[in-house]
Amino acid sequence: MRVDTPPNVGHVRIELEPDESLHLLHPKTLLAFQGDPRHREDRFMDLSGMYRKRKLIRSELRGPASLIVGLPPNGMLETVDIPKESNLLFDFRHVLFYSDGLTMKSKIQTFKNAWITREWVRMKFAGPGRLGLLSSGSLATLQLDPVTPLFVEAGSLVAYPEDADIKLSVYGNPLATQHMNVQWEMKGRGPVIMQTGFRDAQLEEQLHKDGFVKRTLRELLPFGGVYIR
(Lines give C-alpha, C1' and ligand atoms only; values in the text may rest on other atoms or scores of the structure.)
Protein backbone atom coordinates (compact mmCIF):
# COMPACT_ATOMS: atom_id res chain seq x y z
CA MET A 1 0.00 0.00 0.00
CA ARG A 2 1.35 3.41 -0.99
CA VAL A 3 -0.03 6.57 0.59
CA ASP A 4 0.82 9.92 -1.01
CA THR A 5 -0.01 13.04 0.99
CA PRO A 6 0.62 16.17 -1.12
CA PRO A 7 1.09 19.22 1.13
CA ASN A 8 -1.85 21.56 1.65
CA VAL A 9 -4.18 20.01 -0.90
CA GLY A 10 -6.80 18.52 1.42
CA HIS A 11 -6.65 14.92 0.24
CA VAL A 12 -4.49 11.79 0.07
CA ARG A 13 -4.00 9.29 -2.72
CA ILE A 14 -3.81 5.59 -1.76
CA GLU A 15 -2.66 2.83 -4.10
CA LEU A 16 -3.62 -0.74 -3.21
CA GLU A 17 -1.86 -3.75 -4.72
CA PRO A 18 -3.88 -6.86 -5.75
CA ASP A 19 -3.31 -8.62 -2.41
CA GLU A 20 -3.92 -5.55 -0.21
CA SER A 21 -7.01 -4.13 1.46
CA LEU A 22 -7.87 -1.48 4.03
CA HIS A 23 -10.77 -0.60 6.29
CA LEU A 24 -11.96 3.00 5.92
CA LEU A 25 -13.79 4.15 9.05
CA HIS A 26 -15.29 7.27 7.44
CA PRO A 27 -16.69 6.09 4.08
CA LYS A 28 -17.93 9.56 3.12
CA THR A 29 -14.32 10.76 2.90
CA LEU A 30 -13.83 8.46 -0.13
CA LEU A 31 -14.02 10.92 -3.03
CA ALA A 32 -12.89 8.62 -5.86
CA PHE A 33 -12.32 4.89 -6.34
CA GLN A 34 -10.70 3.42 -9.43
CA GLY A 35 -10.93 -0.35 -9.48
CA ASP A 36 -13.35 -3.27 -9.62
CA PRO A 37 -16.65 -2.05 -8.06
CA ARG A 38 -17.01 -5.41 -6.34
CA HIS A 39 -13.87 -4.56 -4.35
CA ARG A 40 -15.80 -2.21 -2.07
CA GLU A 41 -17.85 -3.80 0.70
CA ASP A 42 -19.55 -1.67 3.34
CA ARG A 43 -20.20 -3.32 6.70
CA PHE A 44 -21.64 -2.40 10.06
CA MET A 45 -19.14 -1.51 12.77
CA ASP A 46 -19.18 -3.33 16.07
CA LEU A 47 -20.80 -1.58 19.03
CA SER A 48 -17.57 -0.09 20.37
CA GLY A 49 -16.72 1.34 16.95
CA MET A 50 -20.18 2.85 16.59
CA TYR A 51 -19.84 4.52 19.98
CA ARG A 52 -16.30 5.81 19.51
CA LYS A 53 -16.61 7.05 15.90
CA ARG A 54 -20.31 8.00 15.98
CA LYS A 55 -20.53 6.03 12.73
CA LEU A 56 -22.53 2.95 11.72
CA ILE A 57 -20.69 1.91 8.57
CA ARG A 58 -17.10 1.19 7.59
CA SER A 59 -15.83 0.31 4.13
CA GLU A 60 -13.49 -2.51 3.20
CA LEU A 61 -11.60 -1.67 0.00
CA ARG A 62 -9.51 -4.23 -1.89
CA GLY A 63 -6.85 -3.82 -4.54
CA PRO A 64 -5.81 -3.39 -7.18
CA ALA A 65 -7.32 0.05 -6.76
CA SER A 66 -6.53 3.73 -6.55
CA LEU A 67 -8.32 5.91 -3.97
CA ILE A 68 -8.69 9.62 -3.31
CA VAL A 69 -9.62 10.30 0.32
CA GLY A 70 -10.59 13.79 1.45
CA LEU A 71 -9.31 15.34 4.66
CA PRO A 72 -11.02 17.80 7.02
CA PRO A 73 -9.96 21.47 6.88
CA ASN A 74 -6.45 21.94 8.29
CA GLY A 75 -6.21 18.18 8.88
CA MET A 76 -3.18 16.05 8.06
CA LEU A 77 -2.83 12.32 7.62
CA GLU A 78 0.18 10.20 8.49
CA THR A 79 0.59 6.44 8.44
CA VAL A 80 2.09 4.56 11.37
CA ASP A 81 3.52 1.03 11.15
CA ILE A 82 2.21 -1.25 13.89
CA PRO A 83 4.44 -4.25 14.75
CA LYS A 84 3.18 -7.68 15.76
CA GLU A 85 3.54 -6.85 19.44
CA SER A 86 2.37 -3.33 20.33
CA ASN A 87 1.09 -1.97 23.61
CA LEU A 88 0.04 1.46 22.34
CA LEU A 89 -3.45 2.69 23.17
CA PHE A 90 -4.91 5.00 20.50
CA ASP A 91 -7.55 7.68 20.65
CA PHE A 92 -9.94 6.13 18.12
CA ARG A 93 -11.09 9.54 16.92
CA HIS A 94 -7.76 9.95 15.12
CA VAL A 95 -7.97 6.67 13.18
CA LEU A 96 -9.12 7.13 9.57
CA PHE A 97 -8.20 3.68 8.24
CA TYR A 98 -6.25 0.54 9.06
CA SER A 99 -4.78 -2.09 6.78
CA ASP A 100 -6.00 -5.66 6.56
CA GLY A 101 -3.97 -7.83 8.91
CA LEU A 102 -4.27 -5.50 11.88
CA THR A 103 -6.41 -6.72 14.75
CA MET A 104 -8.28 -4.15 16.84
CA LYS A 105 -9.30 -4.58 20.45
CA SER A 106 -11.10 -2.28 22.87
CA LYS A 107 -9.21 -1.80 26.12
CA ILE A 108 -11.08 -0.66 29.23
CA GLN A 109 -8.88 1.77 31.13
CA THR A 110 -8.34 1.77 34.85
CA PHE A 111 -10.60 4.08 36.84
CA LYS A 112 -7.64 6.38 37.52
CA ASN A 113 -6.65 6.70 33.86
CA ALA A 114 -10.27 7.02 32.75
CA TRP A 115 -10.79 9.89 35.20
CA ILE A 116 -7.64 11.63 33.95
CA THR A 117 -8.15 11.10 30.23
CA ARG A 118 -11.97 11.22 30.30
CA GLU A 119 -11.89 8.13 28.10
CA TRP A 120 -13.14 4.79 29.37
CA VAL A 121 -12.06 2.93 26.24
CA ARG A 122 -8.96 3.17 24.08
CA MET A 123 -8.14 1.07 21.03
CA LYS A 124 -5.21 -1.32 20.88
CA PHE A 125 -3.93 -2.61 17.53
CA ALA A 126 -1.71 -5.61 16.85
CA GLY A 127 0.12 -6.02 13.55
CA PRO A 128 1.89 -6.16 11.39
CA GLY A 129 0.01 -3.47 9.52
CA ARG A 130 -0.48 0.27 9.05
CA LEU A 131 -2.73 2.87 10.63
CA GLY A 132 -3.85 6.06 8.92
CA LEU A 133 -4.04 8.77 11.59
CA LEU A 134 -5.73 12.15 11.26
CA SER A 135 -4.10 14.95 13.22
CA SER A 136 -3.87 18.68 13.66
CA GLY A 137 -0.34 19.34 12.46
CA SER A 138 2.17 16.58 11.90
CA LEU A 139 2.81 13.71 14.32
CA ALA A 140 5.78 13.62 16.66
CA THR A 141 7.07 10.60 18.60
CA LEU A 142 8.71 10.92 22.01
CA GLN A 143 10.14 8.21 24.27
CA LEU A 144 9.01 7.86 27.86
CA ASP A 145 11.51 7.53 30.70
CA PRO A 146 10.76 5.67 33.95
CA VAL A 147 12.33 8.45 36.06
CA THR A 148 12.21 11.75 34.15
CA PRO A 149 8.60 12.85 33.58
CA LEU A 150 7.25 13.87 30.19
CA PHE A 151 4.64 16.64 30.22
CA VAL A 152 2.27 16.61 27.25
CA GLU A 153 -0.59 19.01 26.54
CA ALA A 154 -3.72 16.91 27.10
CA GLY A 155 -5.38 17.70 23.77
CA SER A 156 -2.26 16.78 21.78
CA LEU A 157 -1.86 13.15 22.84
CA VAL A 158 -2.81 10.55 20.20
CA ALA A 159 -1.34 7.31 21.62
CA TYR A 160 0.64 6.13 24.63
CA PRO A 161 1.81 2.79 26.13
CA GLU A 162 -0.81 0.79 27.98
CA ASP A 163 1.33 0.51 31.11
CA ALA A 164 2.37 4.19 31.27
CA ASP A 165 2.04 5.96 34.61
CA ILE A 166 -0.24 8.98 34.07
CA LYS A 167 -1.40 11.85 36.24
CA LEU A 168 -2.74 15.36 35.72
CA SER A 169 -0.16 18.03 36.34
CA VAL A 170 1.23 21.45 35.60
CA TYR A 171 4.90 22.40 35.78
CA GLY A 172 7.19 25.38 36.06
CA ASN A 173 6.96 28.35 38.40
CA PRO A 174 3.64 29.68 39.79
CA LEU A 175 3.13 32.04 36.85
CA ALA A 176 3.63 29.20 34.37
CA THR A 177 1.20 26.90 36.15
CA GLN A 178 -1.51 29.57 36.02
CA HIS A 179 -1.28 30.12 32.26
CA MET A 180 -0.87 26.68 30.69
CA ASN A 181 -3.33 24.12 29.41
CA VAL A 182 -3.88 20.91 31.32
CA GLN A 183 -0.86 18.62 31.08
CA TRP A 184 -0.45 14.87 31.41
CA GLU A 185 2.61 13.92 33.40
CA MET A 186 3.79 10.55 32.09
CA LYS A 187 6.50 8.07 33.04
CA GLY A 188 7.30 4.61 31.78
CA ARG A 189 8.84 2.99 28.74
CA GLY A 190 7.92 3.15 25.09
CA PRO A 191 6.80 5.75 22.55
CA VAL A 192 4.22 8.50 22.87
CA ILE A 193 2.59 9.84 19.70
CA MET A 194 1.30 13.42 19.71
CA GLN A 195 -0.12 15.90 17.22
CA THR A 196 1.83 19.13 16.93
CA GLY A 197 -0.70 21.66 15.63
CA PHE A 198 -0.61 24.59 18.06
CA ARG A 199 -3.77 25.70 19.85
CA ASP A 200 -2.84 29.20 21.03
CA ALA A 201 -5.78 31.35 19.85
CA GLN A 202 -3.95 34.59 20.63
CA LEU A 203 -0.88 33.55 18.65
CA GLU A 204 -3.02 32.43 15.72
CA GLU A 205 -4.82 35.78 15.76
CA GLN A 206 -1.48 37.61 15.73
CA LEU A 207 -0.25 35.55 12.81
CA HIS A 208 -3.32 36.35 10.72
CA LYS A 209 -3.87 39.99 11.64
CA ASP A 210 -1.83 43.12 11.08
CA GLY A 211 0.13 44.69 13.91
CA PHE A 212 -0.91 48.03 15.41
CA VAL A 213 1.96 49.96 13.81
CA LYS A 214 1.28 48.59 10.33
CA ARG A 215 -2.44 49.35 10.55
CA THR A 216 -1.71 52.90 11.76
CA LEU A 217 0.78 53.63 8.96
CA ARG A 218 -1.58 52.24 6.35
CA GLU A 219 -4.31 54.61 7.49
CA LEU A 220 -2.17 57.74 8.02
CA LEU A 221 0.28 57.72 5.10
CA PRO A 222 -0.78 58.72 1.59
CA PHE A 223 -1.42 55.59 -0.47
CA GLY A 224 -0.59 53.56 2.65
CA GLY A 225 -3.16 50.96 1.67
CA VAL A 226 -1.31 50.44 -1.62
CA TYR A 227 2.30 50.29 -0.48
CA ILE A 228 1.96 48.72 2.98
CA ARG A 229 0.79 45.12 2.86
Side-chain angles (χ1 to χ4, degrees), residues 3 5 22-23 25 45-49 51-54 75-200:
V3 180
T5 55
L22 65 79
H23 301 268
L25 301 182
M45 287 188 176
D46 58 22
L47 290 178
S48 63
Y51 173 75
R52 302 305 305 157
K53 300 296 283 185
R54 305 293 195 270
M76 296 183 66
L77 184 134
E78 293 193 34
T79 58
V80 175
D81 292 318
I82 303 297
K84 184 176 181 180
E85 300 293 336
S86 173
N87 69 339
L88 289 179
L89 299 181
F90 285 86
D91 185 337
F92 202 36
R93 292 172 297 182
H94 290 277
V95 180
L96 178 61
F97 66 80
Y98 60 94
S99 66
D100 200 33
L102 280 184
T103 58
M104 180 175 58
K105 184 177 181 180
S106 300
K107 298 292 292 187
I108 304 296
Q109 297 203 83
T110 65
F111 179 81
K112 173 193 170 186
N113 284 1
W115 182 81
I116 293 173
T117 65
R118 299 183 181 180
E119 296 284 348
W120 280 104
V121 178
R122 287 248 164 177
M123 304 306 296
K124 185 176 181 179
F125 293 87
R130 301 176 75 185
L131 276 180
L133 297 176
L134 287 171
S135 62
S136 172
S138 60
L139 295 178
T141 301
L142 302 171
Q143 294 294 325
L144 290 179
D145 185 272
V147 177
T148 305
L150 171 67
F151 296 92
V152 180
E153 198 267 336
S156 297
L157 200 57
V158 175
Y160 58 87
E162 184 176 8
D163 55 0
D165 180 32
I166 306 172
K167 64 180 180 180
L168 289 177
S169 183
V170 289
Y171 62 97
N173 66 0
L175 185 60
T177 62
Q178 295 171 19
H179 295 276
M180 68 171 58
N181 294 327
V182 175
Q183 305 286 314
W184 289 6
E185 180 182 339
M186 311 182 72
K187 296 180 182 177
R189 298 185 185 277
V192 164
I193 300 176
M194 60 178 294
Q195 58 182 358
T196 60
F198 66 79
R199 300 166 179 269
D200 189 330

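Note that these values count all heavy atoms, side chains included, but never hydrogens, waters or copies made by symmetry. Please read all numbers here as calculations on a predicted model, not as lab measurements. Sequence positions, counted from 1, serve as the residue numbers for this chain.
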On a heavy-atom basis, which atom in [X] and which in [Y] lie closest, and how many Å separate them?
X	Y	result
Met76	Gly137	SD-C, 3.4 Å
Thr177	Tyr171	CG2-O, 3.6 Å
Pro191	Pro161	O-CD, 3.1 Å
Leu102	Pro128	CD2-C, 4.0 Å

pair Val95-Leu131: side-chain heavy atoms closer than 4.5 Å: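 Contact flag for Val95/Leu131 side chains = yes.
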
Side-chain touch Met194/Ser156, heavy atoms, less than 4.5 angstrom: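 SC-SC contact between Met194 and Ser156 confirmed.
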
Under the side-chain hydrogen bond (donor to acceptor under 3.5 Å, both in side chains) test, residues paired with Ser169 that sit two or more places apart: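 Ser169: side-chain hydrogen bond (donor to acceptor under 3.5 Å, both in side chains) contacts with Glu185.
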
Gap between atom [atom2] of [Y] and atom [atom1] of [X] - 0.5 Å precision:
X	Y	atom1	atom2	result
Leu133	Leu77	CG	CG	7.0 Å
Gln195	His94	CD	NE2	4.5 Å
Asn87	Lys124	CG	NZ	6.0 Å
Leu134	Asp91	CG	CG	11.0 Å
Leu25	Leu96	CG	CG	7.0 Å
Ser106	Arg122	OG	CZ	12.5 Å

Derivation and outcome, side-chain contact (heavy atoms from CB on, under 4.5 Å), residues Ile166 and Tyr160: CA-CA 10 Å; Ile166 306 172; Tyr160 58 87; 3.5 Å; yes

With Val158, the side chain to side chain contact (heavy atoms under 4.5 Å, CB included) member among Ile193, Val80, Leu89: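 In the set Ile193, Val80, Leu89, the residue that makes a side chain to side chain contact (heavy atoms under 4.5 Å, CB included) with Val158 is Ile193.
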
By ring-ring contact (aromatic ring centres under 6.0 Å, His included) - contacts of Phe90 (at least two apart):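 ring-ring contact (aromatic ring centres under 6.0 Å, His included) check on Phe90 returns Phe125.
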
Please check this pair: side chain of [X] against backbone of [Y], looking for a donor-acceptor N/O pair closer than 3.5 Å.
X	Y	result
Glu78	Leu139	yes
Thr196	Ser138	yes
Ser86	Pro83	no

Neighbour count >12 (heavy atoms, 6.0 Å) for atom CD, Gln143: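 Count over threshold, so yes.
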
side-chain contact (heavy atoms from CB on, under 4.5 Å) between Phe92 and Met104, worked out: CA-CA 10 Å; Phe92 202 36; Met104 180 175 58; 3.6 Å; yes

From CA spacing to verdict: side-chain contact (heavy atoms from CB on, under 4.5 Å), Val192, Leu144: CA-CA 7 Å; Val192 164; Leu144 290 179; 3.6 Å; yes

Exercise: do Arg130 and Thr79 side chains pair donor with acceptor under 3.5 Å: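 Judged by distance alone, the side chains do pair up.
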
CA sep, side-chain torsions, deciding dist, call: Trp184, Leu168, side-chain contact (heavy atoms from CB on, under 4.5 Å): CA-CA 5 Å; Trp184 289 6; Leu168 289 177; 3.7 Å; yes

